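The next block holds one structure in the form of structure tokens; read it before the comments.
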Amino acid sequence: MLPQEKDQELRQKIANGFVVESEDDMTPSYKKALEVILTVQGDTELVSAPAYYFASKDAPTINSRLAVYAIIQDELGHANIAYRLLEDLGVSKQWLMYGRQPHEFKHPYGFDQPLENWAEMVVANGFFDRAGITLLSDVHKNCSYGPWQRALTKVDREEVLHLRHGESWMKRLAKAGGTAKAALQRAVDWMFPMTLEWFGLPDARKKHQDQLEYKLKGLTNDQLRQVWMSATVPLCEGIGIKVPAHFDQAKNEYLIDYEFPVQYDINEKRWLFDQPITWDEVFVRWKARGPMNVTYISMIQGDKQGLFGGLNW
Amino acid sequence: MVIPETEIWSALRRVTDPEMPISIVDLGLVYGVRAHGSAVEVDMTFTAIACPAMDMLIDDVRECLVELPGVRAVKVNVVWNPPWTKSRLTAQGRDLLQSFGIAV
């Protein structure tokens, strides 16, 4: 059988409910797609740790700081699960951690940003972890790769705690009013559009649907964006925080209130809603990575000469 | 109107661990409840002094009790003595944790 025929056959089997259990069941193209999506998941979990760590220093109480530490420890565990699965596919975990340059990690642009106060920390839990749970619960429901699908039971349960932490603190800051509510609004202003972008190209622009055909995920980018907005928009509206999106009764879906995507001012952490850009321009910005990329990855990799450093992997 | 303690206990059964669907009553975290007029008081502990879910659970306890008819004030006392051990789990709590693969 030609490689393309074999791959076609696998796609057909997966469409009929086949569960891939080992490398023997895969085609090279399936394996490649699985490696990419697992790397994105692992890297996203991993880099959230240094991002949250810096912001945990702004926690208002010992208990809330402990809650962030517990979240960080969960996230590192989730990264380990994804990397461990990659090891089964022949990718070295040591290389994943220490062998790559900061710009080669595949986490979303949102996690290359500095989280500079407690409001940004809890909005990260409320928005970024909500994005994570949106993506991963879809994988948990639909994924054709058995070992990953099963590993996500624990991950999903723990992500619920992160979300809960973020959302309850968002409510608390909003209720406090004054400068606390203003800081929350300021955080939402840059982090809401940042997460909208996170879900990637709109369906109409997407050429390759391999991840869907291999059932590495079940929902499209636009569907996932809708799921995310269906939780975050009512949450913010309920606490008097403005977001640039609303529910449209007639269309029965959430609509973004600006021409998506738009230019981002990195220094001001502000979206320039009157300056729409193309997705190609978004990819250029993503590829250049964000301001904290090197800091976060160096923190994970440690001193190159040190005990856990890059030269010893 | 006096709020019956049984009602307070059954309300607290609806407060669950944020990661697992097990109630704080089955976890053995609630040491005692008292009602004085429209005020309700709860003595509770946590499985560890560094429990990351402390704030969330206290919020949940307040929210669920304030919804009871006749309750106007809720006071939560965090108690560390006697310390929590797994012997405080109810039989149902033990079964639940075991079904999640946690050794108890």
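Chain letters run A, B, ... following the sequence lines, proteins first, then strands; residues in each count from 1. Everything numeric here is computed off the predicted structure, so don't read it as measured data.
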Query raised in the report: Do the ring planes of W80(B) and F46(B) sit parallel (below 30°), tilted (30 to 60°) or perpendicular (above 60°)?
Result: tilted
Query raised in the report: According to the interplanar angle, ranging from 0 to 90°, do the rings of W228(A) and F192(A) count as parallel (below 30°), tilted (30 to 60°) or perpendicular (above 60°)?
Result: tilted
Report task. Go through the atoms of M54(B) and report whether side chain, backbone, both or neither lie under 4.5 Å from a heavy atom of chain A. Result -> side chain
Query - Per-residue contact mode, T153(A) against chain B (heavy atom under 4.5 angstrom) - result: neither
Requested in this report: Using the side chain to side chain donor-acceptor pair (under 3.5 Å) rule, pick out the option among H165(A), E167(A), H162(A) that qualifies with N125(A).
Outcome: H165(A)
**Report entry** chain B contact via R172(A) - which portion, at a heavy-atom distance below 4.5 Å
**Finding:** side chain
Report task. Please determine, among A53(B), P52(B), G101(B), the option with the most heavy-atom pairs under 4.5 Å with chain A. Result -> P52(B)
Report task. Assess the pair F111(A) and Y52(A): is the distance between their ring centroids shorter than 6.0 Å? Result -> yes
